[in-house]
A.B. asks: 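Attaching a single structure in structure tokens format; questions to follow.
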Amino acid sequence: MPIIKLAKTSGFCMGVKRAMQLALETAKKSSSKVYTCGPLIHNPQAICYLKEQGVETSEDWKSINEGTVIIRAHGMPKEDIEEIEAKGLRTVDATCPHVKTSQKQIKKYSDLDYTIFIIGDKDHPEILSLQSFAKNYQVIGSVESANSVLPQNKIMIISQTTFNGDEYKRIADVLKSKSNESIVCNSICQATSLRQNEIKELASEADAVVIVGGKSSANTKRLAQIASEICPNTRQVETEEELKIEDFKNCKIIAVSAGASTPDFITNRVIDFLKSIS
């Protein structure tokens, strides 16, 4: 049986725990329908559990005409929230506190006429939320994109809270070289940094790595990317059903980590499967 090394920082982060708790408490107390605007978090199994508890996921919030709307953990564009409240719907803000801090930072420096450079995945809901607080902004996702930026006067650089820390530093360095004045915000949350650093260490010791989490989860995909650069035998799965015993033939050490929106019970099932390998 291989040795299974589980990352200490795997599973729900503070922001996800808070969002789940708010959603469940709201559904329990509410006498009317409860919705989230898009998935509350990026994990299909968690979303199924929320639905069982009375929290519906709506991809089109404009069709909601009654009840309570929960603002997802990634945040929402402020104009959308204003429209929801203008319809007379009750809102519960489950935006991650780290994302709220980034929103405030962007507004602060945008009001001071800085051009805001937001580093991340341009279509990610957190990015769509963050950019709504900026007057003049650009979304940058790679060093290559940063290299094509024209010279700037005053810039503020901030990233998606779950972005790759090393990549953020490389992009920020390029952008700083193109500006007369730059402010770089340390916006990657501590849990993400710990998670990424820990998987680097575990992957260097392992014969195989399993990252557990939703296929649409940005932080989970980054964990898998970081691990695979060190240990090519890395797999990202949503559940243990995607694993095959032959994939771990002759493995003595298997490292396991999970994205910030992955429930512990799913990770535990993956570990049980890996422990069954003889």
Side-chain angles (χ1 to χ4, degrees), residues 4-23 36 38-50 57 72-75 94-99 102 119-121 123-127 129 141 159-168 187-203 206 208-231 233-243 254-274:
I4 312 299
K5 292 191 174 182
L6 174 63
K8 294 177 182 177
T9 52
S10 66
F12 278 2
C13 65
M14 173 274 294
V16 168
K17 285 180 183 177
R18 176 179 174 274
M20 288 289 289
Q21 185 177 7
L22 278 172
T36 62
L40 181 74
I41 60 175
H42 280 148
N43 184 273
Q45 292 75 30
I47 297 307
C48 284
Y49 176 71
L50 286 171
T57 300
R72 64 196 301 180
H74 312 95
T95 305
C96 171
H98 293 300
V99 176
S102 293
I119 315 305
D121 308 316
D123 296 323
H124 192 278
E126 180 184 333
I127 296 295
S129 164
S159 81
Q160 191 173 328
T161 55
T162 56
F163 202 69
N164 183 311
D166 293 337
E167 184 72 0
Y168 179 40
S187 52
I188 296 177
C189 78
Q190 187 179 18
T192 295
S193 298
L194 288 172
R195 209 177 293 258
Q196 292 176 359
N197 289 333
E198 189 176 13
I199 200 59
K200 290 177 188 176
E201 184 177 338
L202 289 174
V209 178
V210 179
I211 306 295
V212 189
K215 293 292 195 297
S216 61
S217 166
N219 77 86
T220 304
K221 287 189 284 187
R222 287 203 180 87
L223 280 179
Q225 177 191 359
I226 291 168
S228 64
E229 290 171 357
I230 300 167
C231 178
N233 190 14
T234 294
R235 286 165 175 74
Q236 179 189 342
V237 299
E238 285 190 357
T239 71
E240 78 283 358
E241 294 173 358
E242 298 173 57
L243 296 172
I254 303 174
V256 178
S257 186
S261 53
T262 306
D264 286 345
F265 76 87
I266 298 176
T267 305
N268 291 337
R269 287 177 184 171
V270 167
I271 292 171
D272 288 343
F273 173 88
L274 296 173

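Here, residue 1 is the first one in the sequence, and each next residue gets the next number.
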A.B. asks: Ignoring hydrogens and angles, tell me if any N or O in the side chain of E238 forms a donor-acceptor pair with the backbone of K215 under 3.5 Å.
C.D. replies: yes
A.B. asks: Tell me the closest heavy-atom pair linking S129 and G75, and the distance in Å.
C.D. replies: CB-C, 3.7 Å
A.B. asks: Between G15 and C96, which heavy-atom pair has the shortest distance, and what is it?
C.D. replies: CA-SG, 4.1 Å
A.B. asks: Enter the distance from I199:CD1 to L194:CG here, rounded to the nearest 0.5 Å.
C.D. replies: 13.0 Å
A.B. asks: Taking R18 for its side chain and T95 for its backbone only, find out whether a donor-acceptor pair lies under 3.5 Å.
C.D. replies: yes
A.B. asks: Which heavy atom in G259 sits nearest to a heavy atom in N219, and how many Å separate them?
C.D. replies: CA-OD1, 3.3 Å
A.B. asks: Looking at E242, I want to see if its CD is surrounded by more than 12 non-hydrogen atoms of other residues, nucleotides or ligands under 6.0 Å.
C.D. replies: yes
A.B. asks: Would you say the side-chain atoms of E126 and T161 include a donor-acceptor pair closer than 3.5 Å?
C.D. replies: yes
A.B. asks: Report the distance from atom CD1 of I211 to atom CZ of R235, rounding to the nearest 0.5 Å.
C.D. replies: 12.0 Å
A.B. asks: Hey, which of L6, N233, I271, V210 is the one that makes side-chain contact (heavy atoms from CB on, under 4.5 Å) with I254?
C.D. replies: V210
A.B. asks: What's the spacing between Q190 CD and H98 NE2 if we round to 0.5 Å?
C.D. replies: 7.5 Å
A.B. asks: Is there a donor-acceptor pair under 3.5 Å between the side chain of S187 and the backbone N or O of S159?
C.D. replies: yes
A.B. asks: Taking all non-hydrogen atoms of both residues, which atom of L40 and which atom of A19 are closest, and how far apart?
C.D. replies: CD2-O, 3.6 Å
A.B. asks: What heavy-atom pair brings R195 and S257 nearest, and what distance separates the two atoms?
C.D. replies: CG-OG, 4.3 Å
A.B. asks: So, taking the atom named CE in M20 and the one named CD1 in I41, what distance separates them when rounded to the nearest 0.5 Å?
C.D. replies: 5.0 Å
A.B. asks: Using a cut-off of 6.0 Å, state whether more than 12 heavy atoms not belonging to E229 lie near its atom CD.
C.D. replies: yes
A.B. asks: Go through it in stages, so that I can follow the logic: the residues are R269 and F273, the test is side chain to side chain contact (heavy atoms under 4.5 Å, CB included), and I'd like the CA-CA distance, side-chain angles, deciding distance and then a yes or no.
C.D. replies: CA-CA 6 Å; R269 287 177 184 171; F273 173 88; over 6 Å; no
A.B. asks: Rounded to the nearest 0.5 Å, what separates atom CD in E240 from atom OG1 in T267?
C.D. replies: 10.5 Å
A.B. asks: Report the C-alpha distance between R72 and T36 in whole Å, list the side-chain angles of each, state the deciding distance to 0.1 Å, and finish with yes or no for side chain to side chain contact (heavy atoms under 4.5 Å, CB included).
C.D. replies: CA-CA 6 Å; R72 64 196 301 180; T36 62; 5.6 Å; no
A.B. asks: Do V270 and L274 have side-chain heavy atoms sitting under 4.5 Å apart?
C.D. replies: yes
A.B. asks: Taking N43 for the side chain and A46 for the main chain, is one N or O donor matched with an acceptor at less than 3.5 Å?
C.D. replies: yes
A.B. asks: Minimum heavy-atom separation for Q236 to G213, with atom names?
C.D. replies: NE2-O, 3.7 Å
A.B. asks: Could you tell me whether a side-chain N or O of Q45 sits under 3.5 Å from a main-chain N or O of I266, the two making a donor and an acceptor?
C.D. replies: no
A.B. asks: Taking 4.0 angstrom as the limit, do K200 and D166 come out as a salt bridge?
C.D. replies: yes
A.B. asks: Side chain to side chain contact (heavy atoms under 4.5 Å, CB included), that's the test. Do E167 and Q225 meet it? Break it down for me.
C.D. replies: CA-CA 12 Å; E167 184 72 0; Q225 177 191 359; over 6 Å; no
A.B. asks: Rounded to the nearest 0.5 Å, how far does NE2 of H42 lie from CD1 of I47?
C.D. replies: 8.5 Å
A.B. asks: If only atom types and distance count, is the side chain of E198 paired as donor or acceptor with the main-chain N or O of T9 below 3.5 Å?
C.D. replies: yes
A.B. asks: Report the C-alpha distance between V209 and L202 in whole Å, list the side-chain angles of each, state the deciding distance to 0.1 Å, and finish with yes or no for side chain to side chain contact (heavy atoms under 4.5 Å, CB included).
C.D. replies: CA-CA 8 Å; V209 178; L202 289 174; over 6 Å; no
A.B. asks: If we ignore angles and hydrogens, is there a donor and acceptor under 3.5 Å between the side chains of T192 and T162?
C.D. replies: no
A.B. asks: Could you check whether the rings of F163 and Y168 sit parallel, tilted or perpendicular, using 30° and 60° as the cut-offs?
C.D. replies: perpendicular
